[in-house]
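Worksheet: one structure, shown below.
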2 protein chains.
Amino acid sequence: MTALAQPETKFTDELACAANEMPCARERLLAAAREVFAESGFRGATVRAICRRAGVNVAAVNYYFNSKEALFSAALDFTPLNRLLDAENSPACARARLAGFIRELLTHLISTRGSQKSQLLMHELLEPTLMLDEIVRDVISPLHTHVGQLVRAIVGPDIAPETLRRCVFSILGQCTFYRHSNEVIRRLHPEIPFDEEEIARTAAHIAEFSLAGLDRLAQPSAGPETRKP
Amino acid sequence: MTALAQPETKFTDELACAANEMPCARERLLAAAREVFAESGFRGATVRAICRRAGVNVAAVNYYFNSKEALFSAALDFTPLNRLLDAENSPACARARLAGFIRELLTHLISTRGSQKSQLLMHELLEPTLMLDEIVRDVISPLHTHVGQLVRAIVGPDIAPETLRRCVFSILGQCTFYRHSNEVIRRLHPEIPFDEEEIARTAAHIAEFSLAGLDRLAQPSAGPETRKP
DNA sequence: TTGTAACTCAAACACGTGTTTGATACGCTC
DNA sequence: GAGCGTATCAAACACGTGTTTGAGTTACAA
């Protein structure tokens, strides 16, 4: 009833809160929400689990955000992954830039830090909320566009749009496989360490594998369906 | 209390049930469970939703299966995807067999029929239950082994195990991308029809793209990192 | 007809969920 | 100190969950 007027007058300035030594309840709530939502998705996450991790009372969620859904929206910070995109100013050639992008993306997908976002994305892929549209628009779409530009720079401007799109999917699919099928890989090959060196080797393989595919598309040779050994 | 002794004496012979014109409650329950579990995963699925779709009372689940979890186990029929593997007797060469496999897998992943299993697998990848170990052992592992044999037949027996493994991941990753990122693709490219012809074209692209990668691995040329345009 | 077993059902149970409430403590101005 | 807004809390609320119960119905044999 009277809940609508509450949150506006409470803590509009987050800097005043962050100035304290220990983060205030609202900030701890946001941090905990990011963790729990990434682990369990929107439906699977419970406000009690979030509040327990934040060390606040259950009522704090509705006190600061009015609802679990509003907390979900407020907790997401889907700023574009600029670190993956700012290679445009890089002087390297397109082939090297693609290899670097693959390595950065793979690191982001596998590392425990960046995996928080991609973990949440996986939940959204299975049970989309309204948030998915925003994620696709602000994060995923720039990624696809960037890879598409790299592919076009490598194979030439005459590539058909469908072919370009499929090449982007092929490259991104190889990378995202290591996150989506992570539980499968760990069961099939428990010996893989997935440390920094393994990630680098894997990224190098994906880059080499993909550049070979792009090179074959670049040369207008005979169709592959009729190829015989 | 007395529930343990019940289900053994009830309906051990499913054929007697299937002989009727309309499937009995137990069979309808299993069919509905397969649908709802695939849509929502184990946690997201509710016994009331399953029973509503099956047209039976809520008590039927515990009457026939003792628990929601037992219904989950009974509903899963993860027989190996033999249709994807029986190409071993096929006389075609390894390259053509790989292309055929990719097309079959892609059809299975995208088609609404086969997607029931892969949809459930996606839920298991996010929130693994004990069922995932069984799925990996009986379904996923044979798939990886089969692709590994095809890759080895194409690039030769001298390929390093890590390289072989990464090639398998690259091929499967390109295919599974169309399922895992289905919601992203539909938002980025709503114009794609994904009918039979589109699937065939996509499969042909993945096969060509992958064969180019395998061919480059087969020829022990210079490393790709030092390549310049 | 009677008895027995399999089956079905509405209702209830115990518990977890998001949300609300009323009270209490803190920090501030007057 | 009085007054007031902010913040925190335990407790309760309404509802959805898996599960159980006890009565009712059906089918078939004695």
Legend entry - Carboxylate-amine/guanidinium contact A:E127 A:R43, below 4.0 Å: yes
Inset, instruction - Counting heavy atoms from C-beta on, name the nucleotide in D:dT19, C:dA10, C:dT19 closest to the side chain of B:N62. - result: D:dT19
Legend entry - Plane angle bin for A:Y178 and B:F169 - parallel if under 30°, tilted between 30 and 60°, otherwise perpendicular: perpendicular
Legend entry - Options C:dA10, C:dT8, D:dG18, nucleotide nearest the side-chain atoms of B:A59: C:dA10
Inset, instruction - Classify the side chain of B:N57 and the base of C:dA10 as holding, or not holding, a donor-acceptor pair under 3.5 Å. - result: yes
Legend entry - Distance below 4.0 Å between B:Y64 side-chain N/O and C:dA6 OP1 or OP2: no
Legend entry - d(CG, A:N66; P, D:dA7) in whole Å: 14 Å
Inset, instruction - For residues A:I110 and A:T202, determine if any side-chain heavy atom of one lies less than 4.5 Å from a side-chain heavy atom of the other. - result: no
Legend entry - Any side-chain heavy-atom pair of B:V58 and B:R52 under 4.5 Å: no
Legend entry - Proximity to DNA chain C (any heavy atom under 4.0 Å), residues of residues 120-131 of chain B only: none
Inset, instruction - Round to the nearest Å and state the distance from A:F65 atom CZ to D:dT8 atom P. - result: 12 Å
Legend entry - Atom-to-atom span, NZ of B:K68 to C1' of C:dC15 - whole angstrom: 14 Å
Legend entry - Considering all heavy atoms, the nearest A:P142-A:V136 contact: CD-O, 4.3 Å
Legend entry - Under 3.5 Å donor-acceptor, B:D195 side chain and B:E198 backbone: yes
Inset, instruction - Over all heavy atoms of both residues, which pair between B:H123 and B:F37 is shortest? Give the atoms and the distance, please. - result: ND1-O, 4.3 Å
Inset, instruction - Find the distance A:R26:CZ to D:dT6:C1' and express it as a whole number of Å. - result: 14 Å
Inset, instruction - For the helix from C:dT1-D:dA30 to C:dC30-D:dG1, measure the angle between the helix axis at one end and the axis at the other, each built from five pairs, rounding to 10°. - result: 30°
Legend entry - Parallel, tilted or perpendicular: rings of A:F177 and B:H144 (30°, 60°): tilted
Legend entry - Closest listed nucleotide, where the reference is the side chain of A:S67 and the choices are D:dG18, C:dT19, C:dT8: C:dT19
Legend entry - Exercise: do B:H108 and B:S118 side chains pair donor with acceptor under 3.5 Å: no
Legend entry - Test item: A:R103 side-chain N/O and A:A203 main-chain N/O as donor-acceptor pair under 3.5 Å: no
Inset, instruction - Take atom CG of A:L71 and atom C1' of C:dT19, then tell me their distance rounded to the nearest Å. - result: 14 Å
Inset, instruction - Could you tell me whether a side-chain N or O of A:K68 sits under 3.5 Å from a main-chain N or O of A:A45, the two making a donor and an acceptor? - result: yes
Legend entry - Residue-level proximity of residues 41-52 of chain B to DNA chain D when a heavy atom falls under 4.0 Å: B:A45, B:T46, B:V47, B:R48
Legend entry - Sugar-phosphate, base or nothing in reach of B:V61, heavy atoms under 4.0 Å: nothing
